[in-house]
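Only one structure is covered here, and it is reproduced in the block below.
Treat the numbers as computed from the prediction; the structure is a model and nothing was measured. Every chain is numbered from 1, with letters handed out A, B, ... down the list of sequences.
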Amino acid sequence: MVTQRRPQIARDGEPSTSAVDFVRAKVIADTESGKFGGRVQTRFPPEPNGYLHIGHAKAICTNFAIAAEFGGTCNLRMDDTNPETEEKEFVESIEADLAWLGFTRSGPTLYASDYFGQIYAWAEDLVTKGQAYVDDQDAETISAQRGGFGQPGVESPYRNRTPEENLDLLRRMKAGEFPDGARVLRAKIDMQAENMWLRDPVLYRIRRTHHVRTGDEWVIYPMYDWAHGQSDAIEGVTHSLCTLEFSDHRALYDWCLEQLDLPFEKPEQTEFARLNLTYTMMSKRLLRGLVEEGHVDGWSDPRMPTLQGLRRLGYPPAAIRAFVEHIGLARTNSLHDIELLESFVRTELNRTSLRRMAVLDPVKLVITNWPEGEQVMLEAVNNPEDPSAGTRLVPFTGELWIERDDVKPAPEPKYYRLFPGNEVRLRAGFYVTAQEVLTDGDGRVTEVHCTYDPESAGGTTPDGRKVKSTIHWVSAAHAVERTVYLYNRLFTDPSPGADGRDPMESLNPESRVAMPGAKLEGALADVTPGQAVQFERLGYFAADVDDPSVFHRTVGLRDEWANIQKRTSR
RNA sequence: UCGCGGGUAGUUCAACUGGCAGAACACCAGACUUUGGAUCUGGGGGUUGCAGGUUCGAGCCCUGCCCCGCGAACCA
């Protein structure tokens with residue numbers, strides 16, 4: 001058995017730089033003590049009743065990464081025990097998202113429903129041993145008898161039926177002799193337990209609902225607690241990782257497994273904190289509300305925190321993986337700054353994306369001393385971070401589009417771009433000096449007239465003089481016109497829905513801003529669907545995965561000028 | 001009300017068995033630069049929730065209190 005381990009112990013006297021989180025610490029301890037025969041097996045067990053979001057990415061990365069680090073395996077298992085909410089569409093989207101994130105499951109997709117026979121057989125054993133009983137009461141009564149926090153529970157009048165009677169009733173439940181909801185199978189544990197989940201939890205309910213995979217074969221379905229640990233055991237899972245809200249279930253998880261008399265060590269559940277992000281909401285119900293009320297264009301809208309939304313937005317899977325690894329695992333409820341995720345996206349895209357020029361809010365720049373009708377091809381670097389990305393040729397003429405924001409009618413403090421008399425460099429091109437800035441009645445810049453220095457071709461001059469600013473441009477005659485979408489936070493509230501607030505009231509009306517007349521350099525007409533590029537000085541953008549003629553702003557570049565403006569406006 | 005979990009920099013996490021409270025992101029400054037990007041260097045930032053106790057020494061151990069999260073589905 002191979003056991004890979006991340007380096008954990010720092011040399012004496014040096015600070016430990018590779019601290020291990022509490023989950024990995026447990027796995028290491030188990031491996032060293034020989035528990036599970038040194039084996040490590042995890043799983044990602046989603047219920048196929050919705051789309052995966054960034055929160056699930058934490059669970060996926062954690063389970064797969066830990067398995068890989070310790071030479072173990074990790075499967076994808078659909079926790080499909082509730083036929084009322086589950087659909088094939090979700091199974092397929094989950095599989096696609098997993099592949100997109102870059103993980104390969106250790107085998108085919110597994111289904112809890114494939115174990116229904118074994119899980120039921122174990123239920124009969126439970127009944128035979130007197131550890132479970134059939135209760136004829138309705139859900140409301142059972143719930144009322146459960147008691148409350150600090151209040152004792154009341155035992156069901158059916159609690160002491162004989163094993164023979166219970167077995168007979170359970171078999172008739174399975175055979176479909178009773179209507180939906182008429183009876184349930186309950187574990188016989190302790191109605192006085194402080195842990196509510198130990199007050200005789202329901203194990204099986206009658207539900208005549210067509211199941212996506214088992215069809216109408218079953219009319220009774222196991223509850224999560226009687227299916228999850230059992231599925232883990234059947235598969236040979238060693239470390240069953242889940243989120244904090246299942247902490248109270250751990251005692252029941254253990255109890256259920258103890259009843260099985262397994263010939264090997266039981267899987268063990270460990271809980272960690274789920275991922276929360278500022279300005280983001282992960283509740284399935286509210287996400288569905290956004291879609292159904294039309295606040296976004298479906299589940300893969302780039303503003304959605306779904307993996308399909310983030311994919312369309314242009315998030316590289318590698319960035320998500322690095323982010324999850326960085327935030328680590330803890331039991332502390334945590335709210336991560338969305339900017340942290342974005343910084344990982346920038347880091348990855350900076351390394352990998354091609355640089356291109358695009359003007360989102362164009363104004364005309366006319367070079368008054370440019371030779372009439374002349375056109376030159378300039379060589380531009382594709383990615384300064386990666387010389388192997390090479391160069392490309394871009395056409396340059398006397399009429400260009402530049403960003404409205406790069407021109408002011410008059411100088412402003414700390415503003416280094418174009419204003420009358422100031423010289424700037426056109427990226428990969430020439431030095432130009434603004435002579436005249438035309439504005440409309442509102443003072444908005446409409447056009448700028450410049451002169452250029454013919455000696456500055458390529459961006460340097462023989463006299464070596466410096467300019468404070470380099471701006472991007474696109475030749476007017478060659479520009480490709482496209483729609484570019486800029487995205488801002490979907491919510492204005494850093495914790496949408498917190499403290500009883502209505503998240504829908506903090507919806508940001510400017511969460512999506514379309515720039516329909518953006519002027520792009522010709523190379524951007526040839527992008528592949530989903531391709532990530534950097535629009536120089538603006539940010540990272542992704543061609544839409546379905547329609548590569550529109551672009552989405554994945555994330556902006558760090559913007560010092562924006563910081564200066566923010567500071568001075570305060 | 002009861003149970004479980006948690007509380008260390010603005011945020012998220014470290015701090016091995018009780019031994020000088022650190023890192024990342026963010027922010028600020030400088031260097032460099034054909035992206036106000038990237039990169040590099042430095043800086044500000046802390047009553048370790050509060051109070052007491054044990055100890056030569058407490059983020060860590062003990063007691064009490066405070067605050068936050070989760071928990072009484074025939075959901076997962």
### Query
What is the nucleic acid contact for A:Leu244, judged by heavy atoms within less than 4.0 Å: base, sugar-phosphate only, or nothing?
nothing

### Query
Considering only heavy atoms and no angle criterion, is a donor-acceptor pair shorter than 3.5 Å present between the side chain of A:Arg207 and the base of B:C74?
yes

### Query
Out of B:C13, B:U35, B:G5, which nucleotide sits closest to the side chain of A:Ser334?
B:C13

### Message
Tell me whether A:Asp405 is salt-bridged to A:Arg537, with the criterion being a basic N under 4.0 Å from an acidic carboxylate O.
### Response
no

#### Entry: Candidates A:Arg186, A:Arg161, A:Gln145 - the one meeting side chain to side chain donor-acceptor pair (under 3.5 Å) with A:Asp135
A:Arg186

### Task
Would you classify B:A73 as syn or anti? Syn applies when the glycosidic angle is within 90° of 0.
syn

### Task
Measure the shortest side-chain to side-chain distance between A:Asp453 and A:Arg465 over non-hydrogen atoms and say whether it is less than 4.5 angstrom.
yes

### Message
Say we look at B:A76 and B:G44: how far apart would their C1' atoms be, to the nearest angstrom?
### Response
47 Å

#### Entry: G-U wobble or Watson-Crick pairing nucleotide for B:A23 (cut-off 3.5 Å, both distances)
B:U12

### Task
Mind checking A:Gln151 for me? I need base, sugar-phosphate or nothing, with any heavy atom below 4.0 Å counting as a touch.
base

### Query
Taking CD1 from A:Ile119 and P from B:A76, how many angstroms apart are they, rounded to a whole number?
11 Å

### Message
Is there, by distance only and without an angle test, a donor paired with an acceptor across the side chain of A:Arg537 and the base of B:G36 below 3.5 Å?
### Response
no

### Ring-base stacking, A:Trp197 with B:G71 (5.5 Å, 30° cut-offs)
no

### Message
Over all strands shown, is A:Arg183 touching base, sugar-phosphate only, or nothing at heavy-atom distances under 4.0 angstrom?
### Response
nothing

## Note on the structure
Closest to the side chain of A:Ile327, out of B:G37, B:U12, B:C13, is B:U12

### Task
Classify the nucleic acid contact of A:Leu252 as base, sugar-phosphate or nothing, counting any heavy atom under 4.0 Å across all strands shown.
nothing

### Message
Regarding A:Arg250, tell me which of base, sugar-phosphate or nothing describes its non-hydrogen contacts under 4.0 Å with the strands shown.
### Response
nothing

### Query
Are any side-chain N or O atoms of A:His228 and backbone N or O atoms of A:Asp79, one a donor and one an acceptor, separated by less than 3.5 Å?
no

### Query
For the side chain of A:His249 and the base of B:A76, is some donor closer than 3.5 Å to an acceptor across the two?
yes

### Message
By the 4.0 Å heavy-atom rule, please label A:Val202 as base, sugar-phosphate, or nothing.
### Response
sugar-phosphate

### Summary
Quick note, A:Ser343 side chain, CB onward, closest among B:U35, B:A26, B:C74 is B:A26

### Task
Using a 4.0 Å heavy-atom cut-off across all strands, classify A:Asp138 as base, sugar-phosphate, or nothing.
base

### Message
Using Watson-Crick or G-U wobble geometry with both distances under 3.5 Å, which nucleotide pairs with B:A58?
### Response
none

### Query
In whole angstroms, how far is the C1' atom of B:G37 from the CZ atom of A:Arg425?
14 Å

### Task
Assign A:Arg558 to base, sugar-phosphate, or nothing according to its heavy-atom contacts below 4.0 angstrom with the strands shown.
sugar-phosphate

### Task
Would you check if the distance from the ring center of A:Phe246 to the ring center of A:Tyr224 is below 6.0 Å?
yes

### Task
State whether the side chain of A:Tyr415 and the backbone N or O of A:Asp406 hold a donor-acceptor pair below 3.5 Å, judged by distance alone.
yes

### Query
NA contact type, A:Glu271, heavy-atom cut-off 4.0 Å: base, sugar-phosphate, or nothing?
nothing

### Message
Nearest to the side chain of A:Arg205, heavy atoms from C-beta on, is which of B:A73, B:A76, B:U35?
### Response
B:A76

### Query
When all nucleic acid strands are considered with a 4.0 Å heavy-atom cut-off, which category describes A:Glu385: base, sugar-phosphate, or nothing?
base

### C1'-based separation of B:U55 from B:U17 [nearest Å]
16 Å

### Task
Starting at atom CD of A:Glu194, determine the distance to atom P of B:A72, rounded to an integer number of angstrom.
16 Å

### Test applied, salt bridge (charged side-chain N to carboxylate O under 4.0 Å, His left out); reference residue, A:Asp200; option that passes from A:Arg146, A:Lys188, A:Arg159
A:Arg159

### Task
Measure from the side-chain heavy atoms of A:Phe246 and tell me the nearest of B:C74, B:A73, B:A76.
B:A76

### Message
For a quick check of understanding: with a heavy-atom distance under 4.0 Å over all strands, which category does A:Thr460 fall into, base, sugar-phosphate or nothing?
### Response
base

### Task
May I ask you to verify whether the side chain of A:Asp248 and the base of B:G5 hold a donor-acceptor pair under 3.5 Å?
no

### Query
Out of B:G36, B:C70, B:C74, which has the shortest distance to the side chain of A:Lys414?
B:G36

### Task
Look at all strands and tell whether A:Ser247 reaches a base, only sugar-phosphate, or nothing, counting heavy atoms closer than 4.0 Å.
nothing

### Query
Does A:Phe535 have its ring centroid less than 6.0 Å away from the ring centroid of A:Phe551?
yes

#### Entry: Between A:Arg355 and A:Asn383: side-chain donor-acceptor atoms closer than 3.5 Å
yes

## Note on the structure
Pairing partner of B:G3, by Watson-Crick or G-U wobble and under 3.5 Å for both distances, is B:C70

### Query
Which nucleotide in the set B:G37, B:A73, B:G36 lies at the smallest distance from any side-chain heavy atom of A:Arg417?
B:G36

### Message
Whether A:Asn333 contacts B:G7 is assessed here as follows: a side-chain N or O lying under 4.0 Å from the phosphate OP1 or OP2. Is that the case?
### Response
no

### Query
Between B:C4, B:A76, B:G36, which nucleotide has the shortest distance from any of its atoms to the side chain of A:Thr81?
B:A76

### Query
How about A:Arg274: does its CZ atom have over 12 heavy atoms from other parts shown lying under 6.0 Å from it?
no

### Query
Expressed in angstrom and rounded to an integer, what is the separation of A:Ile94 atom CD1 from B:A76 atom P?
15 Å

### Summary
Assign each of A:Lys466 and A:Asn49 the nucleotide of RNA chain B bearing its closest heavy atom; nearer the 5' end lies the nucleotide of A:Lys466

#### Entry: Base-pairing mate for B:C32 - Watson-Crick or G-U, with both contacts under 3.5 Å
none

### Query
How far does the C1' atom of B:A9 sit from the matching atom of B:A23, given to the nearest Å?
11 Å

### Query
If the P atom of B:G46 is compared with that of B:U41, how far apart are they to the nearest Å?
24 Å

### Message
Please confirm whether the shortest side-chain N or O distance from A:Ser143 to OP1 or OP2 of B:A73 is below 4.0 Å.
### Response
yes

### Query
B:U63 and B:G42: how far apart are their P atoms, nearest whole angstrom?
44 Å

### Task
Using the aromatic ring of A:Phe149 (for Trp, its six-membered ring), decide whether it stacks on the base of B:A72 within the limits of 5.5 Å and 30°.
no

### Query
Taking for each residue the nucleotide of RNA chain B bearing the nearest heavy atom, is the 5' side occupied by A:Pro384 or by A:Asn195?
A:Asn195

### Task
Determine the contact category for A:Arg331: base if any of its heavy atoms lies under 4.0 Å from a base atom, sugar-phosphate if only primed atoms, P, OP1 or OP2 are that close, otherwise nothing.
sugar-phosphate

### Query
Is a donor-acceptor contact shorter than 3.5 angstrom present between the side chain of A:Glu339 and the base of B:U11?
no

### Integer angstrom distance from the P of B:G57 to that of B:C40
44 Å

### Summary
Among the nucleotides B:G3, B:C28, B:A73, whichever has the atom closest to the side chain of A:Arg146 is B:A73

### Query
In whole Å, what is the span from the CG atom of A:Asp200 to the C1' atom of B:A72?
13 Å

### Query
On a whole-Å scale, what distance lies between the P atoms belonging to B:C60 and B:U47?
16 Å

### Task
Write down the distance separating the C1' atoms in B:C25 and B:C20, rounded off to the nearest Å.
26 Å

### Task
Quick one: label A:Leu335 by what it contacts on the DNA or RNA (base, sugar-phosphate, nothing), any heavy atom closer than 4.0 Å.
sugar-phosphate

